[in-house]
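Accompanying notes for the structure given below.
Basis for what follows: all heavy atoms, side chains included, without hydrogens, waters or symmetry-related copies.
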Amino acid sequence: MASCTSNFNSSTIDCSTVTGATFNTNSGKLEALITTRCSGSSCHSAGGREAGRFLAIDNYNSVKPFLTQGANSVLRGNMPQGSSLSTTELAQWQCWKDAGFPQ
């Protein structure tokens with residue numbers, strides 16, 4: 001199933017006001033988001049349709065090699081397929097990327 005794409009407009013984000021834009025430290029929310037929307041989905045889970053292309057996501061070290069490509073796909077609206085992220089979730093992804101993907 002293909003998703004609709006729409007580039008996230010990051011020019012209006014003040015990352016100093018966005019909370020949860022780390023993987024799991026300092027109340028980071030990206031680990032939970034990735035776990036539920038990516039590795040907990042039928043895509044990037046073991047045996048999922050994208051598990052062969054990207055390894056099943058289960059911790060920071062396993063997602064780290066794919067963060068730039070994954071974030072770009074998320075921010076373009078290509079992932080997660082079949083659903084969309086909220087504006088807050090997209091802002092968290094953008095700020096996480098802008099900060100260099102802190103753990």
Exercise. Supply the atom-to-atom distance Thr19 OG1 to Gln92 CD, rounded to the nearest 0.5 angstrom.
Key: 6.0 Å
Quiz item: Which atoms form the tightest heavy-atom contact between Pro102 and Ala21, and what is the distance?
Solution: CG-O, 4.1 Å
Quiz prompt | Derivation and outcome, side-chain contact (heavy atoms from CB on, under 4.5 Å), residues Glu89 and Arg37 | solution = CA-CA 11 Å; Glu89 291 168 330; Arg37 293 296 197 69; 4.1 Å; yes
Exercise. Report yes if some heavy atom in the side chain of Trp96 is under 4.5 Å from a heavy atom in the side chain of Leu33; otherwise report no.
Key: no
Quiz item: Run the side-chain contact (heavy atoms from CB on, under 4.5 Å) check on Leu30 and Asn24 step by step: do they pass?
Solution: CA-CA 7 Å; Leu30 277 296; Asn24 62 12; over 6 Å; no
Practice problem: Assess the cysteine pair Cys43 / Cys38: is their SG-SG separation shorter than 2.5 Å? | Solution: no
Quiz item: For the residue pair Cys15 and Asp98, what are the closest heavy atoms and their distance?
Solution: SG-OD2, 4.2 Å
Quiz item: How many angstroms lie between CG in Asn78 and CD in Gln69, if you round to the nearest 0.5 Å?
Solution: 10.5 Å
Exercise. Answer yes or no: is there a donor N or O on one side and an acceptor on the other, between the side chain of Asp14 and the main chain of Ser16, under 3.5 Å?
Key: yes
Exercise. Measure the spacing between NZ of Lys64 and CZ of Phe23 and express it to the nearest 0.5 Å.
Key: 11.5 Å
Practice problem: Working to the nearest 0.5 Å, report the span between CD of Gln94 and CG of Leu75. | Solution: 5.0 Å
Quiz prompt | Minimum heavy-atom distance Leu85-Pro80, with the two atoms named | solution = CG-CD, 3.8 Å
Self-check item: Rounded distance (nearest 0.5 Å) linking atom OG1 of Thr36 with atom NZ of Lys29
Solution: 12.0 Å
Self-check item: CA sep, side-chain torsions, deciding dist, call: Ile13, Leu90, side-chain contact (heavy atoms from CB on, under 4.5 Å)
Solution: CA-CA 10 Å; Ile13 298 173; Leu90 288 168; over 6 Å; no
Self-check item: Worked check of side-chain contact (heavy atoms from CB on, under 4.5 Å) between Thr88 and Trp93
Solution: CA-CA 9 Å; Thr88 298; Trp93 271 95; over 6 Å; no
Exercise. Would you give the length of the straight line joining atom CG of Asn72 to atom CE of Met79, rounded to the nearest 0.5 angstrom?
Key: 9.0 Å
Practice problem: Might you point out which heavy atoms bring Lys97 and Ala71 nearest each other, and give the distance in Å? | Solution: CD-CB, 4.2 Å
Quiz item: Is the side chain of Thr25 donor-acceptor paired with the backbone N or O of Gln103 at a distance under 3.5 Å, no angle test?
Solution: yes
